[in-house]
Amino acid sequence: MAQMSRAEALARPQAAGVLARHFGRFESSMLLWLAIIAVLVFLIASPMVRLVVSSFQEPETGRLTLGNYVEAYGSLRQLQALLNSLELGIGVALLAGVFGVPIAWAISRTDMPAKGFVRLMVFGAFITPPYLGAIGWILLAGPNSGWLNRLWMTLSGAEHGIFNVYSMTGLIVVVAVASFPYVFVFTSSALDLVSSEMEDAANILGAGTLRTTFRVTLPLVLPAILGGLIISFLEAIALFGAPALIALPARFHVVSTQLWQFFEYPVRVEEAAAYSIPLLLITILLFWLQRSLTGRRGYTAVTGKGGERRPIRLGAWRWPLLGYALFVCSLSVLLPMTVLMQAAFAKAWGRGFSLDNLTLHNFYYLLFEQTQAQQAILNTFVYAGATAFAAIGLSLAVAYIVSRRLVRGSNVLAFLCMAPFVIPGIVLAIGFYAAYAPPPLALYGTALMMILAYTTRFLPIAYTSSAAGIRSINPEMEEAVRILGGGRLLAIRKVLAPLLKKSLAGAWILVFIPAARELSSAIFLVGPNTRVISVMLFDLSEEGNFEVLAALGAILLVVSVLIAGLGFRVIGRDFMLRRSQ
Amino acid sequence: MSKLVLRGVEKRFGETIAVDGVNLALEEGEFVSLLGPSGCGKTTTLRMIAGFIDPTAGSIEMDGKVLSSPSGSVPPERRQMSMIFQSYAVWPNMTVEQNVAFGLKLRRLPAEEVRRRVGEILDVVQMRHLAQRYPAELSGGQQQRVALARAIVIKPAVLLLDEPLSNLDANLREEMRFEIRRLHEEFRITTVYVTHDQSEAMVTSDRIAVMNQGSIEQVDDPHTLYTKPRTRFVAGFIGRTNFIEGAANGAEIVFDRFRVPKSALENGAALTGKITFSVRPQSMRLSRAPADRGGKGPQVEVKVIERAYLGEYWDYIVMPAEGSIRLRVTAPPLEVYGVGESAWLEFDPSQMAPIV
């Protein structure tokens with residue numbers, strides 16, 4: 001006993017010394033660590049905790065209750081919305097698979113002609129905001145007045161059109177043509193790893209091309225396909241724009257539109273929080289499932305030397321396959337964008353493609369007459385730009401700290417940065433609203449609120465790029481600077497930053513484009529002075545002013561395409577259609 | 001006074017101990033290699049000298065001043081050293097000239113002097129004509145020369161090299177060994193060179209420190225290290241060898257089939273008990289008949305068990321006729337013995353090294 005305490009007494013001053021040394025040594029990096037932790041907590045942890053907590057709180061008193069859940073799921077209508085979301089998600093995932101898998105196979109494995117064009121169209125589908133596609137489809141398949149219906153009536157002499165976009169089927173098609181690129185990206189990335197030798201092995205045993213494809217090639221990439229389907233499903237249930245444009249006139253609700261209802265005056269944020277929790281849980285669960293499906297080693301044949309890959313000769317079958325690919329591209333990009341452009345330049349879209357219907361007034365009106373529109377356009381690009389800088393700055397700092405192990409437990413930082421990946425935008429927005437709209441911060445309606453929420457939402461994209469960039473640079477590059485007498489900051493400025501320029505430019509674009517078109521979180525957070533294009537488009541659609549709306553959409557689209565085109569130039573054509581996970 | 005001193009330097013990563021009490025002193029202008037298999041702690045030791053890693057015990061001193069100790073270290077940028085990395089770490093965003101000038105500019109030398117010294121050093125490494133090139137336009141060997149020039153031009157207090165040749169192909173590697181030695185003869189910079197390649201270490205170094213499992217086993221000049229290895233590990237790691245056992249008995253060491261007077265061995269008088277000796281294959285001689293009394297060492301009759309012809313010499317495995325020990329012995333190309341043939345093997349006691 002006496003010995004024990006003596007040992008303790010001996011040990012204590014030593015431990016204190018170690019602690020003092022530790023702090024003395026790492027003081028500056030400790031401060032940095034704390035600062036970044038604080039920022040990440042503010043951006044990610046706090047809104048999410050607020051969301052969960054307020055879902056269990058009484059609105060006025062703040063007492064713990066399950067009342068919000070009872071209220072949120074108490075009515076049949078609100079339960080039905082949940083079921084509708086599931087139906088939408090499953091329908092979209094299946095249809096996206098039907099669209100995406102054959103095209104991925106055709107581009108990755110066969111000698112189908114016009115691959116470049118098809119790839120470009122898939123890319124186009126990727127950067128087109130789904131709500132613009134939805135508007136295009138309203139113009140195409142609106143009951144009776146839609147282009148396709150009028151074509152049908154002209155051809156068949158029928159009195160009524162046969163297409164009705166305002167239906168669950170319509171919604172599923174519209175969302176599927178927007179989200180099939182996810183299936184495409186997952187599938188083609190996996191197919192690119194399957195060596196031709198795998199197929200040769202089946203051929204030599206007597207299997208034909210078709211049999212080989214169905215028995216060998218596709219099963220090899222099945223986990224990747226399932227991963228893509230899951231992502232499409234999650235996209236579909238988290239989407240706000242397209243469902244709001246189509247489901248509301250069709251008089252049914254999905255989860256996202258129902259959540260928006262809770263924000264109609266009077267705002268019932270606690271109920272919204274409770275209602276959004278299942279969405280959050282489903283998303284987290286499915287992301288985990290997707291990761292474990294595609295992360296399984298040894299299934300996708302990642303043989304170090306992939307061996308040579310030869311395209312399969314399709315013979316005459318090239319043409320039907322190309323036809324199918326073009327059909328999908330038409331549904332997703334060509335048709336809706338054509339009618340949207342027509343409307344943008346038309347006095348009245350219903351009067352069709354004639355010269356006397358042509359006008360630039362819609363653009364003139366938006367850019368020079370309507371001050372609200374000017375403000376919204378400016379806001380959109382300023383917020384998106386600021387978000388891109390903020391997200392990259394923060395993620396770069398975290399990625400640097402993590403990769404150089406500057407502080408202990410740095411992996412927690414990486415985890416926080418990636419966490420928003422599994423939070424649907426709409427849920428994140430509710431969390432942000434719950435955390436920062438009330439005093440003391442009272443950020444509701446400010447530009448800062450929008451930029452902070454966007455930064456959180458797109459932080460995973462920025463982090464993935466930043467971490468990959470930093471990983472690609474040998475730490476010895478920096479150590480060479482330091483041993484010659486330069487400090488860490490000089491090494492970052494003179495060597496790291498110049499070497500990362502390209503990948504950071506790519507990351508900037510990858511954040512800017514989705515931020516510029518973001519609707520599902522914006523719709524909950526905009527105030528009178530912080531409206532953005534996407535929200536304004538939504539408002540215009542309620543007024544039925546499709547010409548001005550199309551012109552505004554065209555402006556958003558043109559800027560997105562220009563910036564993506566810049567990305568093509570700087571980084572190479574595959575930079576957006578790569579699986580970065 | 002020694003230029004660079006490592007005193008009981010130790011580095012633990014959690015439970016594992018990477019460097020276990022290394023002591024080493026370098027004189028001004030000396031070239032010392034840390035040689036050992038991968039994972040022996042040589043690179044960790046080098047990175048501690050550079051200041052990228054702090055020791056968990058012990059200290060590193062330069063010119064009598066403590067640079068590293070567990071209680072705090074001078075950061076790498078203030079050590080006046082330079083280093084050549086395994087990847088060369090030539091900055092791809094700068095030209096050859098900018099790479100080499102970097103360290104000089106950091107020292108705020110006048111532009112005129114920077115230009116002059118960069119020019120001079122590029123001449124020394126024969127890279128002047130490529131001064132405006134970017135590293136991506138250079139071959140591996142040329143990048144290596146840039147890294148050398150960049151490190152030497154600042155006249156560092158200590159130059160550190162971390163397996164600088166391991167990424168080059170065999171021919172170039174051989175050429176660069178001599179290049180590195182030539183630069184050392186010219187500039188006499190105190191140098192620590194990490195390698196796992198014994199010939200690299202032998203060509204370049206004044207002394208070699210052989211490391212194993214975190215400790216230095218022996219530090220000596222290449223010749224001594226080869227002829228007088230002191231541990232089993234050193235004897236086996238540098239070149240090839242045979243281990244034979246003997247026992248001290250009065251004024252002699254008694255082996256299985258022969259005996260050697262202690263006086264014929266270096267420091268033989270001090271040997272007691274059972275002793276293992278390292279005997280190099282080329283220190284023994286095969287002959288068809290027992291040599292005359294003139295032969296210096298003991299002779300044993302052996303039988304050839306295996307043989308291989310390697311062009312420059314024969315490699316024989318022989319066995320004392322009834323014994324079980326296999327000995328490897330080399331012979332000149334014209335001394336041909338068939339498998340199964342008997343021969344006489346002569347030992348040279350002066351080349352038998354007792355090891356621990």
Side-chain angles (χ1 to χ4, degrees), chain A residues 11 13-30 32 400-401 403-411 469-505 570 572, chain B residues 13 43 46-47 49-54 56 69-94 98-109 134-136 146-147 150-164 167:
Chain A
Q14 215 177 338
V18 169
L19 208 66
R21 246 182 277 152
H22 187 83
F23 274 99
R25 188 92 209 279
F26 286 113
E27 201 174 355
S28 51
S29 63
M30 279 298 259
L32 182 69
Y400 185 81
I401 290 172
S403 83
R404 299 292 182 268
R405 301 182 186 290
L406 290 189
V407 291
R408 256 178 253 169
S410 52
N411 283 333
I470 285 188
R471 256 200 313 275
S472 72
I473 292 173
N474 194 325
E476 289 184 350
M477 288 285 175
E478 254 177 279
E479 289 168 0
V481 172
R482 299 192 64 201
I483 197 75
L484 287 174
R488 219 181 250 288
L489 288 176
L490 186 84
I492 292 175
R493 200 154 48 85
K494 288 276 187 181
V495 175
L496 209 57
L499 292 182
L500 281 174
K501 224 163 34 187
K502 234 180 171 183
S503 55
L504 290 187
V570 180
Chain B
F13 294 105
T43 294
L46 191 80
R47 292 174 63 79
I49 299 173
F52 292 120
I53 307 179
D54 296 335
T56 43
S69 75
S71 58
S73 296
V74 177
E77 54 265 34
R78 293 219 298 272
R79 294 189 174 206
Q80 304 299 323
M81 297 181 177
S82 60
M83 182 159 171
I84 293 171
F85 296 88
Q86 225 177 91
S87 67
Y88 321 139
V90 177
W91 302 305
N93 54 320
M94 302 181 202
Q98 288 166 335
N99 262 284
V100 176
F102 191 88
L104 296 174
K105 285 187 178 157
L106 274 179
R107 282 159 183 70
R108 305 193 181 286
L109 298 179
Y134 280 92
V146 176
R150 185 177 71 182
I152 293 170
V153 75
I154 63 165
K155 298 187 179 141
V158 175
L159 176 64
L160 308 171
L161 297 97
D162 182 11
E163 306 230 16
N167 287 330

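Note that this is a predicted model, so its numbers are computed, not measured. Just so it is clear, the values below take in all heavy atoms, side chains as well, and ignore hydrogens, waters and symmetry mates. Convention: sequence-line order gives letters A, B, ...; per-chain numbering from 1.
- Options B/A89, B/A147, B/P156 differ in how many heavy-atom pairs under 4.5 Å they form with chain A, and the most are formed by B/A89.
- When heavy atoms are compared at a cutoff of 4.5 Å, A/K494 approaches chain B by way of both its backbone and its side chain.
- The parts of B/F85 that come within reach of chain A are both its backbone and its side chain, each placing non-hydrogen atoms under 4.5 angstrom from that chain.
- Annotation: ring pair (Phe, Tyr, Trp, His ring centres under 6.0 Å) contacts of B/F102 (sequence neighbours excluded): B/W91.
- For the pair B/D162 (side chain) and B/Q86 (backbone), a donor-acceptor distance under 3.5 Å is absent.
- Between chain A and the residues B/A151, B/G103, B/S87, B/S82, the most heavy-atom pairs under 4.5 angstrom are made by B/S87.
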Listed pairs under 3.5 Å, donor-acceptor, residues 477-490 of chain A side chains, sequence neighbours left out:
from	atom 1	to	atom 2	distance (Å)
A/E478	OE1	A/R404	NE	2.8
A/E478	OE1	A/R404	NH2	2.6
A/E478	OE2	A/Y400	OH	2.4
A/E479	OE1	B/R47	NH1	2.9
A/E479	OE2	B/R47	NH2	2.7
A/R482	NE	B/E77	OE1	3.1
A/R482	NH2	B/E77	OE1	3.0
A/R488	NH1	A/Y400	OH	2.9

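- Listed for the B/R79 side chain is a donor-acceptor partner under 3.5 Å among the backbone atoms of B/I49.
- Considering every non-hydrogen atom in both A/G469 and A/S503, the closest pair reads CA-OG, 4.1 Å.
- Residue with the most contacts toward chain A among B/R150, B/Q80, B/R78: B/R150 (heavy-atom pairs, distance under 4.5 Å).
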